[in-house]
Number of protein chains: 2
Amino acid sequence: MRDTLAPRMQNFRDRCVELGMPLTHQRLVIYEALASTDEHPTPEAVFERVRKKIPSISLATVYKNIRSFADAGLLREVSLLHESLRLDANLADHHHLVCERCKSVTDLPHDALAPVRMKINPPDRFQVHRFNVEVLGLCARCAATDS
Amino acid sequence: MRDTLAPRMQNFRDRCVELGMPLTHQRLVIYEALASTDEHPTPEAVFERVRKKIPSISLATVYKNIRSFADAGLLREVSLLHESLRLDANLADHHHLVCERCKSVTDLPHDALAPVRMKINPPDRFQVHRFNVEVLGLCARCAATDS
DNA sequence: ATAAATGCAAATCTTTTGCCATCTC
DNA sequence: GAGATGGCAAAAGATTTGCATTTAT
């Protein structure tokens with residue numbers, strides 16, 4: 001992680017200039033908090049980290065910038081489905097097609113994909129129970145109105 | 001879907017008896033709303049469906065029962081990470097280990113898994129962009145305190 | 001100087017909780 | 001009849017928005 005921070009920060013600066021996004025102190029510190037961890041933090045956790053360097057920062061600023069960074073492709077959401085709980089009464093083994101735009105979820109039979117399996121032992125003695133595969137893309141409806 | 005509803009309802013009744021969960025009218029209607037769709041509804045959407053049959057139902061009841069059903073293994077959450085946004089500044093191709101108990105997320109190099117790929121064309125002209133794989137299970141810390 | 005970002009507070013949305021009346025077994 | 005559930009309202013948690021002030025370019 002450490003060795004990838006510097007190039008990430010440079011890429012971040014470049015991208016901000018490219019997009020005409022003012023390079024504020026807050027932005028730099030927020031992005032650094034994100035780029036220097038592999039803990040997949042929540043916005044709240046980022047806020048707590050940033051607070052140590054900028055005690056006056058507001059949680060709203062953290063949220064606004066996370067949004068901008070995601071839009072700019074500088075970071076990703078671990079799951080696109082965090083906005084609300086999505087339920088599935090189908091207990092058979094299957095995968096999901098998830099539309100990146102409208103967040104619709106469609107079933108995909110498990111044999112539509114090449115078998116998902118570990119090639120190595122999982123790190124940190126993680127006990128594997130099952131695989132959850134989201135196939136991300138655009139549903140036909142959203143593809144038709146893509147801008 | 002239609003042809004699987006009856007057995008699902010029977011399984012539901014059996015499981016409720018097994019667990020000593022009273023079979024209330026509300027429960028039956030809520031579960032039926034879930035078992036008769038493949039739209040992966042939100043709790044709010046389930047509430048709207050159930051409301052048509054039981055106008056007096058409360059959203060809190062829908063939430064409470066969804067929780068019970070999930071605990072009983074009668075349904076699943078499409079993603080375990082819906083409680084809060086989780087961020088990832090690592091744009092390299094990789095997968096995630098997600099702990100079902102504490103929701104911690106750990107990186108897994110992309111070559112730790114057999115290549116993920118479609119064996120058939122996606123249904124409904126869905127445009128595939130990428131795959132998001134969550135390896136679900138228990139992290140070492142949670143496995144140690146498993147009850 | 002201009003346009004955009006920050007900070008704060010209030011608003012909104014999602015989910016949970018407490019409590020009493022009601023229902024299942 | 002005992003114990004769990006349903007409904008309602010309030011609370012808690014997560015995220016967004018409006019607006020006046022400050023900042024980057």
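Computation of the quantities below employed the complete heavy-atom set of this structure, encompassing side-chain atoms and omitting hydrogens, waters and symmetry-equivalent molecules. So you know, we letter chains A, B, ... as the sequences are listed, proteins then strands, and number each from 1.
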(message) Go nucleotide by nucleotide along DNA chain D from the 5' end; which of Leu59(A) and Lys64(A) gets its closest nucleotide reached first?
(response)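 Going by which nucleotide is closer to the 5' end, it is Leu59(A).
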
(request) Would you indicate what Leu23(B) reaches in the nucleic acid, counting non-hydrogen atoms under 4.0 angstrom: base, sugar-phosphate, or nothing? (result)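 The residue Leu23(B) makes sugar-phosphate contact but no base contact.
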
(message) Categorize Thr61(A) for me: base, sugar-phosphate, or nothing, with a 4.0 angstrom heavy-atom threshold over every strand shown.
(response)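 Base, at least one base heavy atom under 4.0 Å.
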
Are OP1 or OP2 of [N] and a side-chain N or O of [X] less than 4.0 angstrom apart?
| X | N | answer |
| --- | --- | --- |
| Thr24(A) | dA5(C) | no |
| Ser84(B) | dT15(D) | yes |
| Tyr63(A) | dT15(D) | yes |
| Gln26(A) | dT23(D) | no |

How many Å lie between [atom1] on [X] and [atom2] on [N], as a whole number?
| X | N | atom1 | atom2 | value |
| --- | --- | --- | --- | --- |
| Leu81(B) | dT14(C) | CG | C1' | 17 Å |
| Arg67(A) | dA14(D) | CZ | P | 17 Å |
| Glu83(A) | dT15(D) | CD | P | 10 Å |
| Leu28(A) | dA24(D) | CG | P | 10 Å |
| Glu44(A) | dT15(D) | CD | P | 9 Å |
| His82(B) | dT14(C) | NE2 | C1' | 10 Å |
| Lys103(A) | dT14(C) | NZ | C1' | 17 Å |
| His25(A) | dT22(D) | NE2 | C1' | 15 Å |

(message) Donor-acceptor check, side chain of Asn132(A) to backbone of Val78(B), threshold 3.5 angstrom: yes or no?
(response)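 Pair found, side chain donor or acceptor close to backbone of Val78(B).
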
[X] side chain, from C-beta outward: closest of [options]:
| X | options | value |
| --- | --- | --- |
| Ile57(A) | dG7(C), dG6(D), dA5(C) | dG7(C) |
| Ala60(B) | dT15(C), dT17(C), dC8(C) | dT17(C) |
| Ser58(B) | dT15(D), dT5(D), dC8(D) | dC8(D) |
| Asn65(B) | dG6(D), dT16(D), dT15(C) | dG6(D) |
| Ser56(A) | dT5(D), dG7(C), dG18(C) | dG7(C) |

(message) Check this for me, if you would: do Glu134(A) and Arg130(B) make a salt bridge, where the nitrogen-to-carboxylate-oxygen distance has to be below 4.0 angstrom?
(response)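 Arg130(B) and Glu134(A): not salt-bridged.
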
(request) Please tell me which of Val17(B) and Thr42(B) maps to the more 5' nucleotide of DNA chain C, matching each residue to the nucleotide holding its nearest heavy atom. (result)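 Per heavy-atom nearest nucleotide, the more 5' residue is Thr42(B).
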
(request) Answer with yes or no after comparing the ring centroid distance for Phe47(B) and Tyr63(B) against a 6.0 Å cut-off, counting only values under it. (result)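 Aromatic pair excluded; centres sit 6.0 Å or further apart.
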
(request) Would you please test Asp107(B) and His40(A) for side-chain hydrogen bond (donor to acceptor under 3.5 Å, both in side chains) and show each step? (result) CA-CA 9 Å; Asp107(B) 287 332; His40(A) 309 84; 2.8 Å; yes

(message) Is a donor from one side chain sitting under 3.5 angstrom from an acceptor on the other, for His96(B) and Asp88(B)?
(response)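 On atom types as modelled, these side chains qualify, holding a pair under 3.5 Å.
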
(message) Using side-chain heavy atoms (C-beta onward) and a distance below 4.5 Å, is Leu108(B) in contact with Pro123(A)?
(response)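 They are in side-chain contact.
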
